[in-house]
Every structure is written in structure tokens, then in C-alpha cells.
Asker: 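Have a look at this one before I ask anything.
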Amino acid sequence: MSKQEKYVSPEDIYDLQFPSDPQISPDGKKVIFVKKWIHKKEQKYYSNLYSVDTVRGTVVQFTRGEQKDIKPRWNRNGKQLLFIRSTQNKSELLSFYGGLGEPMPLISLEDGDIQDLAFSPDDKWVAVLIQKYDVSGEDRKKEPLKRDIDRLFYRLDGEGFRQKRAVQLFIVKSRGGRLIPITDVPRDVTDFAWNHDGTGIYYVTNDHEDPDRHMDEESIFFYSLKEKRHVRIEKPAGPIGWVQADPEGKYLYFAGHFKPGHSWGAVNSEIQQLHLETGEIHSLTASLDRTTDMVTLGDITPSFVKQKALFQTSEDLLFTVSSEGANPLFKFNILSGEITPLLDGPECVVSFSMSRDGKNIAVHLAQMERPDEIWLLELNSEKHFRRITFLNDEYMSSISCNVPEEYHIPSDNAVIQSWVLKPPGFNSKKKYPLLLQIHGGPRAQYGYTWFHEMQVFAAAGFVVLYTNPQGSQGYGHAFADAITGKWAEPAMNDLMAAVDYILELGFVDPEQCFVTGGSYGGYMTNWVISHTNRFKGAVTQRSICDLSSFFGTSDTGWDLEADFHDVPWKNPELYKKWSPITYADQIDTPLCIIHSENDLRCPVEQAEQLFVRLKYDKKPVRLVLFPEESHGLSRGGRPDRRVERLKLMLEEFRVKS
Ligand SMILES: CSCC[C@H](NC=O)C(=O)N[C@@H](Cc1ccccc1)C(=O)O
């Protein structure tokens, strides 16, 4: 193929650049961002810091080396920059002062992990979140004699068996000094924020008497540095995504809701305003009926990034939501209650930061046209939004690919937002094979991201259809809650309606339709092929087939009680009814089962059960296991295994197409 006709391939992940977390300097003249890269020989991910001059546009590499440099944070006068550096055996908080020379360590740990940081309003202190290890040094690399488990939430996918020691809050002087412990709580401190004048710190933890059965009942405390006292901030029970103080010290803001006991993501997380004197709480975003969680899925774009609302002025608060495939940026005026869109196109504001005057906003932007880049929103006399990094331009100029087309497909009593990605060189007179992609969550959304996996299948000649069926987030609470208690419906109806609609357009061969999906998307793949034989092949990934065993083997399986309002041992029929394995007799679609051996979210027993059930019945089934990998293989797994997974799927589908 000529240079221009090179199409997207699985190996292209080695050529892509992954920018994130843009932090604009207080004077707005410089943006420091994180750039993740793949060390192909070592098969590892590293990240360094880069700096872009917002006036001249020059990009400079700020840190170098094979480590993970993350969370760059400016102080208020822009003379000090802190960031977290993680290497094999050390976690450090490093400080650049005046932007010169080598960074100096403010904190250096071999027995713990620094997870977050924030300067105090007067720049004199830095608050940090640290998780100290149960064991450190060489002992960390050995397996223990035994594991004595005494809590429900004892494992976490991607981490393994959880540390018994919780994440705690500390402070340290910004010019160096002793690390001063602030909290000593039994469960992780998950977020924190200095108050308006630096005399104290708000922090979030779960202090419920039975926290693992009430994971969505988190509390906010205020620690006074002067009085050295912890005070609970009274609020109704519910989860908390983040906390944020206001510059005036009148309110406390946090992301959350007050309907604990609902399944993960089924209730919108809203921006709550709590009056510090009266305790009165008011939701700023209820009228939007959108969650402030970033639940847009991609394999280049990070999901679930914690982006706090930020004050542009003492009365204007900027925030993002997940909505209809996008993550728009809104401004909320505290006085008028007016909500104004700042960025609300077919794009995803993954994260953002603001200059001191609020007039320059650095944005990590995802779009369907290209892999993520860093942009700058200038709010001077007029609004100007421009790209300031061009990291993936060389790659994009080397390949030919299409931009997905958007469809809004009627199904049941809903409209299903869908995208169709056509192969390069598409010819409307031809009939193409179709690949239906089903996302996981289920309360998440596909959207305006450049999706490497979708592009790989389009490049292989498929029309790729991906949709947000009911149960997805981004379309309001009722839409996300529509599958509660029944999981597979009405998603099945929506997915089939979308396939029917695309077939009607005439460019897909109805005999060459394939289906795939991961996690909940794998559950739906299993459900689809056990309820229709219209697909010529299926690949189910990190899937769920048996909800009863899943309840006890997944790291968060008991969350299903929130969805089914019952537990398997009290209502086995309900769990059996919604488990695809119940209908395995009806599966005749050739199936490839892909699963990670260390998947703790959807454990490998789900794949093993389904494989044995079908193989025993001599059905066309193949099981492919990925050693060492977790639930997140497709987005953060060892790069060569990510490539192999895609090549395996191409082989599976091409053999049958
Ligand atoms: C892409 S959303 C990830 C968060 C979600 N957490 C819990 O619901 C999740 O892991 N979802 C799984 C499926 C699942 C649902 C309920 C309990 C455990 C797992 C997925 O990735 O789809």
C-alpha cells in the first residue's frame, strides 16, 4: 500500500501519543501536561512531563526517563511546580522551583505510594494522599505464607489483594520538612480539598460501621489545622466523587447523590452546594439530569478521570458532565443559577485547568477525528478554542481512516444514539460485514473519542456499529436505570433495533454480522447469542455468564444486589433468569471466549463455565486466556497482549467472514 493508503492496525498503539492532565500556569503562558508512552522493548508504560508555550506554541520535554511522572501541580504564584514520580521501588513528590535545574524531592517513600497532592491557598503547605504498604522492600515481591481475609472488599481488579492499611492524608511544608499525618482512618481517604483560607482541609472517607456493604455511603470531614480537630460535615447518606471549597468560605461543594443502594452509576452524580453555616444542601446540576462522572469509554482516552468543578471567579463555577456521547464544559453562576455552555460540541472535555484570571483554560480534549490532544480555551474579549499540541498528527497523516457517522435509532420507547464507522474506501454499492460492539459498565457511554479498536476493525473491512443502549449513562437517570432488575432488557431490544436499522441502509450483508463486547458488553454478547442466531460469529470478552457465581467471585459482585434487589441464595430463580448460561442450550453461534486470568472484576471462572458448558455439548467454541492480565487488558494491558487480542479477534472474524 502507498504511504497514504496505510490503514489503522493493532500495532499502531506503539505509534500513538497519550497526553493528559494539562495544568496551565497561573499566568496562562505555559501548560504542563503528562504524556504516556510505551517502551516497546520492555513492554511497559511510562509517562513524562511536557511543557507547551501558549504563545509561541513550542513544546519542550520537561522530564525524561523510564518512570511514571504524573499529577503536575503549580502553586499560586507559578514559581513552584510539584509532581509525583513513581519508579519500581520508590514514590516521590518532586519539586521544581523557578522551573530550573533538577527537581528536588519533597517526599521520598520506599514503603508507600503517593497518590495525590494540592497546595494550600497560601502556598506554604502541600496536602498529600499516601498509602503506606503493609509490607515493604523485598518482602513486597514475595507471596505471603497465607492470606487471612476478614473483609468483604478484599480484592480489587488491577491491584489484587488489597492493602490492609488505608490511604491517609498528610501535610508537608512546600519548601520541605517533616511529613505530618492528618488522618488515621480505617478506610481510604478518597479525596480532599483545602478550605478557602488554608486553615483546614476537607476530606472524604467511608466511616460506615459496615463500609464494604455500604460502599456508596461516604462522609466528609473537616480538619482544623489550628484546633487539630476533625469535624463531620453533616449530609444525607450517599457516595462522594470529589470535594471542593469555594474562594469565599461560604459553601462546600461536592459531587454525589443521596440515593445509596443503587447500582454503580445508575443515579446521576450531581454537584451539591452545602452552606457551611446552615448545612442546607442544594444540587446545582439536577436540572441537567446528567451525571458529573466522566463515563465516556475509549481505548486511547482515559475514563473515570476525577475532574473537580473549578472556580473561574468567586461566582462562576466550571464543570463537566457526561452527556449524549460528549463531555461538555459548563459554567454555573452561583448568584443567578444560570448554566452556560462553554464547550458543548461533539467532543469530550476529559479534564481541564484554569489560569489565575480564569481567562485561559487548558483542556484535555477527545474527539472522533483524531486521538486526544491538548487544547486552549481563551476567554478574552471573544472566545477562542485552539489546539496547542499536535502529538498524533504525524501518525494521522500516515494512515487513512474514516470518522464515524452518527445515527439516532428508535427502539421501544427510546432513541438510541449510535455510530457507524465505515471501512476506508467505502463503496455504498457493496455489502460489508458488520461488527456490533457492545460497551461495558453498563452505566457508561460510547462517545466522541478516537477509538483505536473500532478503527482497526473498520480498516479490516467491517462496518462497525457501536451504540448506547438503555442502561447507558449520558441520557439521564431513567435511561440508565431502565435495565435495573433485568439487565438484559431493554438493551437486547435496542441493540437488535440498531442492527435492523443499519441493515435497512443496504450496505451490510445480513449473513455477515458479528458481535462482540467486554464485561457487561460481554454479558450482553452472551445474552444476544443465546437469544438469536442471526450472528455469524461472536467474541465475548471478560464477560459474565452466571450472575449467581459472579456475585461471590467478582471483587464487587455483591453490587448486583443493588440491581436485582435480592441475593442469589434467596432468589436463585431471578439470578438464573438473567444469567446467559441458563440459555446455553440455545447457543449455536461460533464463539470465541477471551478472558484475562487475573480478572478480578469478572473472574475467569465466568469464561471457564461458559467454555466447558459449550465444549461439553460439542458447540463451536474457543477459549483464549491472557496470563497475568486484569479486567483492563484492552485499555491498559501489556501492549503486546493488547495487540495480540485485536489480532486474535480479526482472525476470529475474518475466518468466518
Ligand atoms: C465501565 S464501568 C466500570 C465500573 C463498573 N463497576 C461496577 O458496576 C464495572 O466494573 N462494570 C463491569 C460489569 C460489572 C457490573 C456490576 C458489578 C461488577 C461488574 C463492566 O466493566 O462492564
Side-chain angles (χ1 to χ4, degrees), residues 152-153 155-159 212-213 215-216 239 241 260-269 291 293-299 301-306 322 325 327 348 437-447 449 451 453 466 468-474 480-481 483-488 491 495 516-527 540-568 575 578-580 594-596 598-607 629-637:
L152 193 59
F153 189 29
R155 296 182 304 171
L156 180 65
D157 181 66
E159 284 183 23
D212 290 354
R213 285 290 309 278
M215 291 166 71
D216 58 356
H262 277 71
S263 183
W264 184 91
V267 178
N268 294 330
S269 179
T291 186
D293 290 339
M294 197 292 179
V295 293
T296 311
L297 298 168
D299 55 9
T301 307
S303 304
F304 317 113
V305 174
K306 184 196 296 186
S322 291
N327 293 96
C348 297
Q437 285 264 17
I438 310 173
H439 73 66
R443 279 77 182 206
Q445 66 173 8
Y446 280 133
T449 70
F451 218 117
E453 176 169 335
Y466 52 116
N468 289 325
Q470 290 175 80
S472 302
Q473 255 292 5
D481 208 31
I483 61 168
T484 296
K486 41 193 177 179
W487 255 36
L495 293 165
T516 189
S519 199
Y520 174 82
Y523 166 85
M524 280 312 300
T525 299
N526 299 335
W527 187 272
T540 190
Q541 306 174 62
R542 55 198 187 128
S543 78
I544 302 167
C545 74
D546 180 340
L547 290 170
S548 294
S549 64
F550 177 86
F551 190 102
T553 59
S554 165
D555 61 353
T556 57
W558 65 91
D559 187 48
L560 289 186
E561 181 184 11
D563 246 314
F564 291 99
H565 305 135
D566 217 330
V567 292
Y575 278 75
W578 295 109
S579 292
I594 297 178
H595 220 101
S596 296
N598 287 357
D599 187 336
L600 299 181
R601 184 56 45 88
C602 299
V604 70
E605 60 95 10
Q606 294 288 317
E629 296 297 336
S630 67
H631 195 65
L633 164 64
S634 64
R635 298 182 176 114

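For ligands, and for the atoms within them, numbers begin at 1 and follow the listed sequence. Remember, it's a predicted structure, so these values are computed and weren't measured experimentally.
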Asker: Do NZ/NE/NH1/NH2 and the carboxylate oxygens of E453 and R635 come within less than 4.0 Å?
Answerer: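 Between R635 and E453 there is no salt bridge, as every charged N stays at least 4.0 Å from the carboxylate O atoms.
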Asker: Can you name the nearest heavy-atom pair linking L156 to L600, along with the distance?
Answerer: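 Residues L156 and L600, closest heavy atoms: O-CD1, 3.7 Å.
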Asker: Heavy-atom contacts with ligand 1 below 4.0 Å: which residues, ordered by chain and residue number?
Answerer: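 Close residues (ligand 1, cut-off 4.0 Å): W264, F304, G440, G441, W487, S519, Y520, F550, T556, D559, R601, H631.
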Asker: Mind checking the OG1-CG spacing from T291 to N327? Nearest 0.5 Å is all I need.
Answerer: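 The distance works out to 10.0 Å.
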Asker: Given the side-chain rings of F551 and W558, with only the six-membered ring counted for Trp, is the space between their centroids under 6.0 Å?
Answerer: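 That pair fails the under 6.0 Å test.
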Asker: Hydrogens and angles aside, do Q473 and N468 bring a side-chain donor and acceptor to less than 3.5 Å of each other?
Answerer: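 No, N468 and Q473 have no side-chain donor paired with an acceptor closer than 3.5 Å.
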Asker: Sequence neighbours excluded, which residues qualify as side-chain contact (heavy atoms from CB on, under 4.5 Å) partners of P260?
Answerer: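 Applying side-chain contact (heavy atoms from CB on, under 4.5 Å) to P260 gives D216, E217, A237.
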